[in-house]
Amino acid sequence: MKKFNITIAGGGSTYTPGIVLMLMEESYRFPIGEIRLYDNLASRQEPIGEAMKILLKERHPEITFSYTTDPEEAFTGIDFVFAHIRVGLYAMRELDEKIPLKYNVVGQETCGPGGLAYGMRSIGGVLEVLDYMEKYSPNAWMLNYSNPAAIVAEATRRLRPNSKIINICDMPVALENIMANILGLESRKEMIVRYYGLNHFGWWTSITDKNGKDLMPELKAFVKEKGYAKETEDYQHRAQSWKDTYLMAKDVYALDPSTVPNTYLKYYLLQDEVVKHSNKEYTRANEVMDSREKEVFGTARAIIEKGSADGYTFATGAHATFIVDLACALAFNTKERMLLIVPNNGAISNFDDDAMVEIPCLVGSEGPEPLSIGTIPTFQKGLMEQQVAVEKLTVDAWMEHSYLKMHQALTLSKTVPSASVAKKILDELIEANREYWPELK
Ligand code: NAD
Ligand code: G6P
Ligand code: MN
């Protein structure tokens with residue numbers, strides 16, 4: 001059987017060890033020849049790279065492993081790039097969150113002004129990785145987690161329309177795991193879901209079991225009272241702030257009880273509540289630096305010090321499973337049904353063809369085949385049109401170096417109260433992002 005060569009771009013990411021572990025666990029169904037890590041920051045990648053070298057040598061010596069900052073070495077002779085880069089690192093995430101909050105506007109990694117700021121940093125980084133892949137391995141697929149996925153997807157749709165990149169998100173998968181748990185199912189794969197929206201901006205319209213039994217009534221009864229606040233083994237979203245988000249999904253649900261919502265909608269629909277409960281001095285970036293970053297790098301350093309990974313592990317979970325499932329679907333033409341971010345092209349019949357939407361697709365060796373959604377109601381359509389325009393304006397601003405387009409994008413965001421507040425936030429974001437954004441005129 002063919003063995004696949006994978007490059008993980010953003011080798012120094014806190015998610016890299018989980019994905020490496022998952023690739024090892026799943027190698028019986030997805031045979032791996034080689035894993036390479038690539039990062040543009042050697043000091044960040046080195047501890048993860050050294051720890052993975054020790055771990056793989058002990059547990060899967062048949063897998064060739066290396067890590068590098070050299071693009072040619074990283075991307076020559078590979079089948080897949082799994083990408084999760086963070087341009088500007090947590091230091092810039094912290095500013096994305098804290099600058100809007102000064103003006104009582106949502107401060108979040110991917111939503112509102114912070115998400116747009118992150119988009120302006122990410123587009124160039126993701127294109128760079130994609131171009132390296134295409135230069136050195138023109139037939140490879142890039143499976144991209146790098147956020148903000150909605151803006152990155154719109155940018156790659158426009159700027160690299162023929163590239164083999166698929167933009168993905170783990171939130172629906174993580175929520176479906178919780179739903180399965182609420183419904184007493186062994187696995188989310190027992191559910192057949194219908195879902196539509198944008199990235200971090202969507203709704204489930206139908207969930208049945210494989211015999212067609214409607215599971216929505218039982219699920220809604222839970223969501224109505226508790227959102228998705230069910231004790232599960234969701235390591236990735238275990239912090240109290242995530243639990244609060246899961247609970248708040250009940251208030252989002254109340255706005256349309258015919259569907260169940262993605263948790264991220266709270267930033268657009270309950271923005272005042274979110275701001276009220278935010279700590280302007282200590283945001284999610286601080287929480288992540290104090291928890292996940294410390295744990296992952298702490299474990300990596302402990303492995304290096306001991307010279308052995310014996311007794312050490314890293315968290316895997318939905319995030320890692322999903323990307324391996326997607327690679328399998330592409331490699332083996334499985335036609336697995338997965339939620340992906342793809343051009344609408346008529347799938348939602350009363351929505352723009354050229355919007356990037358998150359919808360179910362059948363995935364085979366040619367890539368995703370989106371399923372037809374039909375028409376969507378006025379509430380969702382209105383929200384989505386506004387948000388798609390914000391994302392498109394941000395990509396316009398990046399391409400045209402346009403201050404005006406970026407000011408329009410922030411002003412149009414449902415999280416921002418007025419053009420004057422948008423301008424104040426934008427001017428601070430420009431200052432903070434001098435090193436990363438194109439110069440806006
Ligand atoms: P992190 O800061 O720990 O890791 C990111 C790594 O990317 C760093 O080592 C950094 O040096 C590297 N990097 C930055 N620019 C690069 C470039 N141009 N080329 C190569 N490497 C580069 O971040 P993290 O918290 O582990 O998250 C990684 C990314 O994954 C973020 O974008 C995050 O938002 C995203 N993410 C997405 C989803 C999703 O649902 N789509 C889920 C989880 C994480
Ligand atoms: C979810 C989202 C990701 C996001 C992550 C943030 O999994 O789907 O897009 O990056 O949460 O998690 P964090 O722990 O970094 O706040
Ligand atoms: Mn996501």
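On a predicted model such as this, the values are computed, not experimentally measured, just so you know. Throughout, numbering of the chain's residues begins at 1 and tracks the sequence. Remember, it's 1-based here, ligands and their atoms both numbered in the order they're listed.
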For [atom], which of the options [options] provides the nearest non-hydrogen atom?
| atom | options | value |
| --- | --- | --- |
| atom 2 (O) of ligand 1 | Arg121, Glu293, Arg86, Met92 | Arg86 |
| atom 25 (O) of ligand 1 | Tyr436, Tyr90, Tyr15 | Tyr90 |
| atom 21 (N) of ligand 1 | Asn40, Val126, Ile323, Thr16 | Asn40 |
| atom 1 (C) of ligand 2 | His237, Glu97, Met289 | His237 |

Out of all atoms in ligand 1, which are within 4.0 Å of some heavy atom of [X]? Include the element for each.
| X | value |
| --- | --- |
| Glu128 | 18 (N) |
| Asp170 | 39 (C), 40 (O), 42 (C), 43 (C) |
| Cys169 | 39 (C), 40 (O), 41 (N) |
| Gly12 | 3 (O), 9 (O) |
| Glu109 | 33 (C), 34 (O) |
| Arg292 | 25 (O) |
| Tyr38 | 19 (N), 20 (C) |

Are [X] and [Y] close enough for a salt bridge, meaning some N to O gap below 4.0 Å?
| X | Y | result |
| --- | --- | --- |
| Asp39 | Arg86 | no |
| Asp272 | Lys276 | no |
| Arg160 | Asp131 | yes |
| Lys392 | Glu154 | yes |
| Arg301 | Glu305 | no |
| Arg36 | Glu34 | yes |
| Asp352 | Lys381 | no |
| Glu50 | Lys57 | no |

Would you say the side chain of Val357 lies within less than 4.5 Å of the side chain of Leu198, judging by non-hydrogen atoms?
yes
Min side-chain heavy-atom separation Gln45-Asn40 under 4.5 Å
no
Just need the protein heavy atom nearest to [atom], so name the residue and atom and give the distance.
| atom | value |
| --- | --- |
| atom 6 (C) of ligand 2 | Glu109 OE1, 3.5 Å |
| atom 2 (C) of ligand 2 | Tyr264 OH, 3.2 Å |
| atom 7 (O) of ligand 2 | Asp170 OD1, 2.6 Å |
| atom 30 (O) of ligand 1 | His84 CB, 3.4 Å |
| atom 9 (O) of ligand 2 | Asn147 ND2, 2.8 Å |
| atom 11 (O) of ligand 1 | Asp39 OD1, 2.6 Å |
| atom 14 (O) of ligand 2 | Arg284 NH2, 2.6 Å |

Take a 6.0 Å sphere around [atom1] of [X] and say whether it holds more than 12 heavy atoms from other residues, nucleotides or ligands.
| X | atom1 | value |
| --- | --- | --- |
| Lys306 | NZ | yes |
| Glu366 | CD | no |
| Lys135 | NZ | no |

Please classify the [X] to ligand 1 contact at 4.0 Å (heavy-atom distances, strictly less than): side chain, backbone, both or neither.
| X | result |
| --- | --- |
| Gln45 | neither |
| Arg44 | side chain |
| Phe322 | neither |

Using a 4.0 Å cut-off to any heavy atom of Met171, which atoms of ligand 2 qualify?
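Near Met171, meaning under 4.0 Å from one of its heavy atoms, ligand 2 has 1 (C), 8 (O).
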With heavy atoms of Cys169 as the reference, note each atom of ligand 2 found under 4.0 Å away.
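With Cys169 as reference, the close atoms of ligand 2 come out as 8 (O).
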Is it true that the side chains of [X] and [Y] contain a donor and an acceptor less than 3.5 Å apart?
| X | Y | result |
| --- | --- | --- |
| Asn279 | Lys98 | no |
| Asn286 | Glu281 | no |
| Gln108 | Thr110 | yes |

Lys189/Asp325 under salt bridge (Lys or Arg N to Asp or Glu O under 4.0 Å): CA gap, chis, key distance, verdict:
CA-CA 12 Å; Lys189 292 196 179 179; Asp325 282 350; 2.7 Å; yes
Heavy-atom contact under 4.0 Å between [X] and ligand 2?
| X | answer |
| --- | --- |
| Ala174 | no |
| Glu287 | no |
| Arg93 | yes |
| Arg292 | yes |

Return the orientation label for the Tyr15 and His84 ring planes: parallel under 30°, perpendicular over 60°, tilted otherwise.
tilted
Flag Thr110 as yes when one of its N or O atoms lies below 3.5 Å from any N or O atom of ligand 2, and as no otherwise.
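Not met; the criterion fails.
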Report yes if Arg86 has an N/O atom closer than 3.5 Å to an N/O atom of ligand 2; otherwise report no.
no
Using a 4.0 Å heavy-atom cut-off, say whether His200 meets ligand 2 through its side chain, its backbone, both or neither.
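Contact part for His200 vs ligand 2: side chain (C-beta onward).
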Mind checking whether Tyr145 contacts ligand 2 via backbone (N, CA, C, O), side chain (CB onward), both or neither, at a 4.0 Å heavy-atom cut-off?
neither
Among Tyr268, Tyr196, Tyr195, Tyr264, which residue meets the ring pair (Phe, Tyr, Trp, His ring centres under 6.0 Å) test with Phe201?
Tyr268
Qualifying residue for ring pair (Phe, Tyr, Trp, His ring centres under 6.0 Å) with His319, from Phe314, Tyr145, Phe82:
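With His319 as partner, ring pair (Phe, Tyr, Trp, His ring centres under 6.0 Å) holds for just one option, Tyr145.
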Would you say [X] contacts ligand 1, with heavy atoms under 4.0 Å as the rule?
| X | result |
| --- | --- |
| Ile168 | yes |
| Ser146 | yes |
| Arg93 | no |

Backbone or side chain, does any N or O of Tyr118 fall under 3.5 Å from an N or O of ligand 1?
yes
